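All values reported here derive from a predicted model rather than from experimental measurement. In each ligand, atom 1 is the first atom listed, and ligand 1 is the first ligand listed. Numbers for residues simply follow the sequence, beginning at 1.
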Amino acid sequence: MSSFYLTTPIYYVNDKPHIGHAYTTILGDVITRYHRAMGEDVWFLTGTDEHGQKVQKAAAEHNMTPIEQCNSTVVRFQELWRKLGIRNDDFIRTTEERHKEIVRMILQDLYDRDLIYKAQYQGHYCVPCERFFTDKDLVEGNLCPDCRRPTNEIVESNYFFRMSRYQEWLIDYIQTHPGFILPAYRANETLGFLKKPLEDLCISRPKSRLSWGIELPFDPDYVCYVWFDALINYISAIGYGKDPARFEKYWKNAHHLIGKDILTTHTVYWPTMLKAIGLEPPQTILAHGWWLIGKDKMSKSRGNVVNPMEMAEKYGVDAFRYFLLSEMSLGQDAAFSEEAFVARYNSDLANDLGNMLSRAVKLTLRYFDGKIPAPGVFEMIDKQLYGQVAEAVDGMEKAVRELRLDRGIEQVIGVVRAANRYMEQTAPWTLAKKGEMDRLGTVLYVASETLRIVGGLLQPVMPEKMDRLLKTLGVSGSFRFEDLRNVGGLVPGQAISDIDALFPRIQPLEPETAGNTKKAEAKKADPKKAEQGNAADSSAKHAAPEGVAITIDDFAKVQLKTARVLAADKVEGTEKLLRLQLEVGGEKRQIVSGIAKFYKPEELVGKTIVIVANLKPVKIRGVESCGMLLAAGSGERLSLVTVDRPDFPSGASVG
Ligand code: MSP
């Protein structure tokens with residue numbers, strides 16, 4: 001059986017966990033659940049980084065000893081992981097003897113082989129980053145190049161690891177192993193860093209300045225630098241130096257998840273440390289982006305730190321897991337807001353998935369006595385949906401292997417949307433009215449089978465909710481990818497059960513900023529629509545109070561014009577938005593519109609559409625939009641308003 005070993009960073013215990021910590025750990029949990037579903041021998045490690053200045057300082061501020069500080073904070077992480085349904089196989093604390101022992105062993109070995117030496121050190125130290133910098137690293141006088149806070153000048157004797165020795169080897173390794181650092185642009189960032197001569201790494205702190213650390217085995221006046229100590233957790237936890245068989249099994253397929261701010265320590269310090277002790281680097285180091293609050297960094301001083309425990313309690317664990325994984329496009333930063341959370345929840349989970357399940361279940365209960373009907377002859381439309389389902393299974397497996405879960409999830413939700421469209425097109429309620437029970441049976445079988453596979457595919461992301469979905473269909477147990485490949489595996493005659501709304505709708509929050517998409521999403525979450533079972537994706541439409549008459553003067557305020565689409569592309573980092581370049585009677589303008597789910601960019605080029613030309617420009621996801629296009633929406637469908645005569649000029653007024 002092939003092995004798969006995945007780690008998260010180990011978190012500092014100077015403060016309670018926030019959404020950034022929750023994201024990486026959930027990502028790790030979901031990736032490892034998928035690998036288990038592939039039948040691999042998986043080991044998932046997380047833990048805490050308990051030594052160093054940050055923790056010592058926090059302890060002093062709280063009037064505690066450092067170990068008291070660690071003990072009181074570590075439980076907050078452990079409790080949060082329990083709450084978030086994290087299935088880690090181990091939790092390592094760097095204050096545990098099993099770890100300290102290995103750190104001491106490695107230090108002694110490197111010292112004995114002259115790969116660690118003592119020298120006079122003169123440099124600048126950044127306390128929050130726990131890193132040393134040379135004169136030329138600093139920015140704007142004495143500021144830290146990473147966090148831009150003032151550094152302290154320090155002159156002292158210290159121990160150094162001969163990291164410089166491995167510079168050429170590391171450059172070559174990164175260049176010849178394209179999947180080693182992901183995304184690829186992060187590999188370039190590391191290679192950029194390696195253009196400057198690599199210096200030896202200071203790996204000690206005199207106890208007179210910092211006593212909270214692992215004592216150097218060859219000099220009791222010093223403790224080990226916290227990063228040198230922390231990185232070793234990835235091997236001490238799986239039996240390095242103790243249990244060679246276990247260690248080798250997992251280390252040969254090791255993958256580290258990290259945030260982009262700890263790239264250098266993981267892609268420069270760590271591989272050179274491993275090289276020095278004679279070990280291969282891990283297979284992948286995947287650096288994800290940051291969760292921002294609006295456009296700002298999250299920070300205590302700004303008071304905008306998102307508490308994951310509160311979010312999970314308020315909205316449910318699975319919805320929170322789903323949001324974090326689907327909203328962040330891997331590698332890039334993502335903006336967190338409760339409003340975005342509610343909009344995505346209502347759209348993907350309440351409208352699309354919840355709605356589809358309740359339609360299939362209600363119809364089966366009503367017309368087939370709550371038993372999965374046997375399918376008859378499959379028509380083209382049935383086969384098409386099955387084809388999309390099979391593609392999503394392959395797509396998810398590929399996304400997992402490439403560590404691009406957000407893409408896999410997007411494809412699965414695409415299938416759910418297609419399934420809702422399928423229900424509208426096959427109209428089972430009409431089939432029932434007409435008494436076409438064979439065809440109705442086939443449609444409901446295809447619908448339920450699609451839901452079974454979707455439920456399996458999303459089980460690692462939302463374990464509890466998808467278990468409920470599957471139980472409703474009379475299926476249980478954890479799926480393996482091979483079960484999901486068997487399209488048509490649902491057993492006819494199987495009893496299903498009724499279910500309350502799987503994802504009850506949440507009252508939409510007021511948008512923070514105006515923008516076409518947001519307003520539309522608030523509208524999309526209209527509860528009446530969902531009850532009717534045809535909640536429209538009206539991303540491109542706007543709410544207007546129905547039944548209120550307007551005068552011709554009101555209407556005359558709106559300037560409608562024809563516009564020719566010259567070019568269109570997706571707005572990066574979004575799923576719904578397209579950017580259209582238009583020609584409006586000799587004038588060029590750009591419009592952003594939430595129609596990406598309905599039109600491919602290339603389908604739009606050359607069309608003559610109708611726009612509201614005098615709408616105030618707005619920025620949507622940072623992209624300027626000057627006007628709005630007109631589209632008709634019905635159920636899950638959307639159609640652009642276009643002119644019917646070929647070569648009709650752009651810029652003509654409509655009215
Ligand atoms: N202790 C070190 C890691 C040692 S690993 C051998 C550390 N700890 S940390 O608690 O400060 O950060 C842990 C992780 O949280 C890092 O990967 C960091 O990128 C991530 N995040 C911190 N803030 C974040 C966001 N706002 N968004 C996403 N992740 C962020 O660094």
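In terms of protein heavy-atom proximity, atom 14 (C) of ligand 1 is closest to Tyr11 CE2, 3.9 Å. Ranking the protein heavy atoms by distance from atom 3 (C) of ligand 1 puts Ile10 O, 3.2 Å first. The closest protein non-hydrogen atom to atom 15 (O) of ligand 1 is His21 CD2, 3.7 Å. The shortest contact between atom 18 (C) of ligand 1 and any protein heavy atom is with Asp261 OD1, 3.3 Å. Looking from atom 31 (O) of ligand 1 to the surrounding protein, the closest heavy atom is Ile262 CG2, 3.6 Å. Among all non-hydrogen protein atoms, the one lying nearest atom 17 (O) of ligand 1 is Gly259 N, 2.9 Å. Nearest protein heavy-atom contact of atom 30 (C) of ligand 1 is Gly20 CA, 3.9 Å.
Two rings, from Phe160 and Tyr121, have their centers less than 6.0 Å apart.
Taking 4.5 Å as the limit, some side-chain heavy atom of Trp227 sits within range of a side-chain heavy atom of His266. A 4.5 Å side-chain heavy-atom check between Glu575 and Arg344 finds at least one atom pair inside the cut-off. Trp43 is listed as a side-chain neighbour of Arg246, based on a closest heavy-atom distance under 4.5 Å.
To the nearest 0.5 Å, atoms NE2 (His256) and CD1 (Ile181) are separated by 11.5 Å. Interatomic distance, CG of Asn307 versus CZ of Arg76, reported as 7.5 Å (0.5 Å rounding). How far CZ of Phe4 is from CE of Met38: 8.5 Å, rounded to the nearest 0.5 Å.
The presence of a protein heavy atom under 4.0 Å from atom 20 (C) of ligand 1 is ruled out.
Of the N and O atoms on the side chains of Thr94 and His99, not one donor lies less than 3.5 Å from an acceptor on the other residue. Counting only N and O atoms by type, the side chains of Tyr225 and Asn158 include no donor and acceptor under 3.5 Å apart.
For His266, no nitrogen or oxygen atom sits less than 3.5 Å from a nitrogen or oxygen atom of ligand 1, counting backbone and side chain alike.
Proximity of Tyr23 to ligand 1, defined as any heavy-atom pair under 4.0 Å, is not found for any part of the residue.
By the 4.0 Å heavy-atom criterion, Lys297 is excluded from the residues contacting ligand 1. For Tyr234, the heavy-atom gap to ligand 1 drops under 4.0 angstrom. Heavy-atom separations between Thr24 and ligand 1 are all 4.0 Å or longer.
The residue from Phe77, Trp291, Tyr12 that puts a heavy atom closest to atom 9 (S) of ligand 1 is Tyr12. Considering His18, Met298, His51 only, the shortest heavy-atom separation from atom 23 (N) of ligand 1 involves His18.
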- Please assess Thr134 against Asp137 for the test side-chain hydrogen bond (donor to acceptor under 3.5 Å, both in side chains), listing each intermediate value before the final yes or no. CA-CA 5 Å; Thr134 59; Asp137 292 330; 3.0 Å; yes

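If you number the atoms of ligand 1 from 1 as listed, the ones under 4.0 Å from a heavy atom of Gly289 come out as 28 (C). Set against the non-hydrogen atoms of His288, the atoms of ligand 1 under 4.0 Å away are 28 (C), 29 (N). Close contacts between ligand 1 and Asp49 involve ligand atoms 1 (N), 2 (C), 4 (C) [criterion: under 4.0 Å to a heavy atom].
Salt bridge status for Lys398 with Glu402: present, with a side-chain N to carboxylate O gap under 4.0 Å.
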